[in-house]
Amino acid sequence: MLNLLYFSRALSCEGVFYVNDMRTVEWDDQHQQLRLIDQRNLPGDFAILSYGDHHSVAEAIRTMVVRGAPAIGATAAFGLALAAYELDVRDVEKFRNHLHAAAQTLLASRPTAVNLGWALARMRPLVDAPAQTVDEIRARLIEEARRIAEEDVATNQRMAGWGASLIDDGDTLIHHCNTGSLAAVDWGTALGAVRMAHEQGKHVHVLVDETRPRLQGMRLTAWELDQYHIPYEIISDGAAGSFLRSGRVQKVFFGADRVAANGDVVNKIGTYMLALAAHANRVPVVCVFPTSTIDLSLANGDLVPIEEREADEVLDIQVKGRPAAPAGARACNPAFDVTPWSLLSALVTEKGVLYPPFEKGLAQTLKK
Ligand code: MRU
């Protein structure tokens, strides 16, 4: 259930909310609720939504109140912790069955980002470990969800350091989708690296592609860059190739929702076209992601389930107050695509930088 909609902490100086005023995903200990920044209407409307049960958390993930691979992983973990407060029983087995069903519901909310399954897989042994009372299991779950959230921030900061080492003073970068604080508990992935480079005093200019159809680039990345005082210009997705050919761009940066064993990257739709254009113009392509995004169980990116979202996301554009598409137009809307590893120049995790070929390096990185 959505319990509360409020704007109070949204007001910081000058009545404007800053992304650093709150984490994207936060546990409210006092009310035992999960608080999420509602990303659907940013930057125009800022709202924080509170959640008290796992069904509404799964719906928040599905409808993209919260989005970005690490953010939905942490959210799912808190969703499972919330499920532990839903049932007032003493029977431990009955309680466990409820939690396993809740984990399934959360897992089904979005299929592509592996961080969701990764976070739930971390929680599962705590459900099944020996326990005398249901309270013991409850305490373990909330503790682990909090640990996942805290680790996310520390991981992202480490990763940002490695990513920043690949950015030179004076670079112009093309960035795809939103990979910043909003895509994680805090800091994010590729945009975290850009932010770190900026904080190190490097002059960085970002060409923010709009990221059709949901405009995570234009709406969310531009909003974050404003707050970090990093100069940027928004470009239409189709303009990227021309900028890459012009010689004005030194690197392309993006994140990942799942990285297969061979280094193929599954990320927001449009990543593949961007990487192709960069590769054709010899512009380095850097993908930044935490090790929780690596899925060694899948040999290559073609095995990753690609989410298909509603056609309305593509069609719902108005020109002068009228629908841009003809009445009855159909659309298809794959939310992610596969970028083959051979188009990538470097993969950055919290454990360091990998160069192609990636297969051995990814396996070793997970063992470290
Ligand atoms: O559909 P979204 O907005 O959840 O997709 C997000 C992305 O594709 C990001 O680029 C990805 O999660 C990596 S950055 C955290």
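Order of listing sets the numbers, starting from 1, for every ligand and every atom in it.
Each of Leu362, Thr365, Val353 was scored for a side-chain contact (heavy atoms from CB on, under 4.5 Å) with Leu347, with one residue passing: Leu362.
Counting only residues at least two apart or in different chains, ring pair (Phe, Tyr, Trp, His ring centres under 6.0 Å) contacts with residues 332-368 are absent. Pairs engaging residues 85-120 under the ring pair (Phe, Tyr, Trp, His ring centres under 6.0 Å) rule: His54-His98 [sequence neighbours left out].
With sequence neighbours left out, Arg212 forms a side chain to side chain contact (heavy atoms under 4.5 Å, CB included) with Glu210, Leu215, Asp237, Val314, Ile317.
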query: Do Asn333 and Glu313 pass the side-chain hydrogen bond (donor to acceptor under 3.5 Å, both in side chains) test, and can you show the C-alpha distance, the side-chain angles, and the key distance before you say yes or no?
result: CA-CA 8 Å; Asn333 185 17; Glu313 289 185 352; 2.9 Å; yes
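Asn267 and Arg258 are not linked by any side-chain donor-acceptor pair at a separation below 3.5 angstrom, with hydrogens and angles left out of the test.
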Short N or O contacts of ligand 1 with protein, under 3.5 Å, listed by atom name?
from, atom 1, to, atom 2, distance (Å)
ligand 1, 1 (O), Arg110, NH1, 3.4
ligand 1, 1 (O), Arg110, NH2, 2.8
ligand 1, 1 (O), Lys268, NZ, 2.7
ligand 1, 3 (O), Arg67, NE, 2.8
ligand 1, 3 (O), Arg67, NH2, 3.4
ligand 1, 3 (O), Gln216, NE2, 2.9
ligand 1, 4 (O), Gly68, N, 3.0
ligand 1, 4 (O), Arg110, NH1, 2.8
ligand 1, 8 (O), Asp257, OD1, 2.7
ligand 1, 8 (O), Asn267, OD1, 3.2
ligand 1, 8 (O), Lys268, N, 3.3
ligand 1, 10 (O), Asn267, OD1, 2.8
ligand 1, 12 (O), Ala69, N, 2.9
ligand 1, 12 (O), Asp257, OD1, 3.3
ligand 1, 12 (O), Asp257, OD2, 3.1

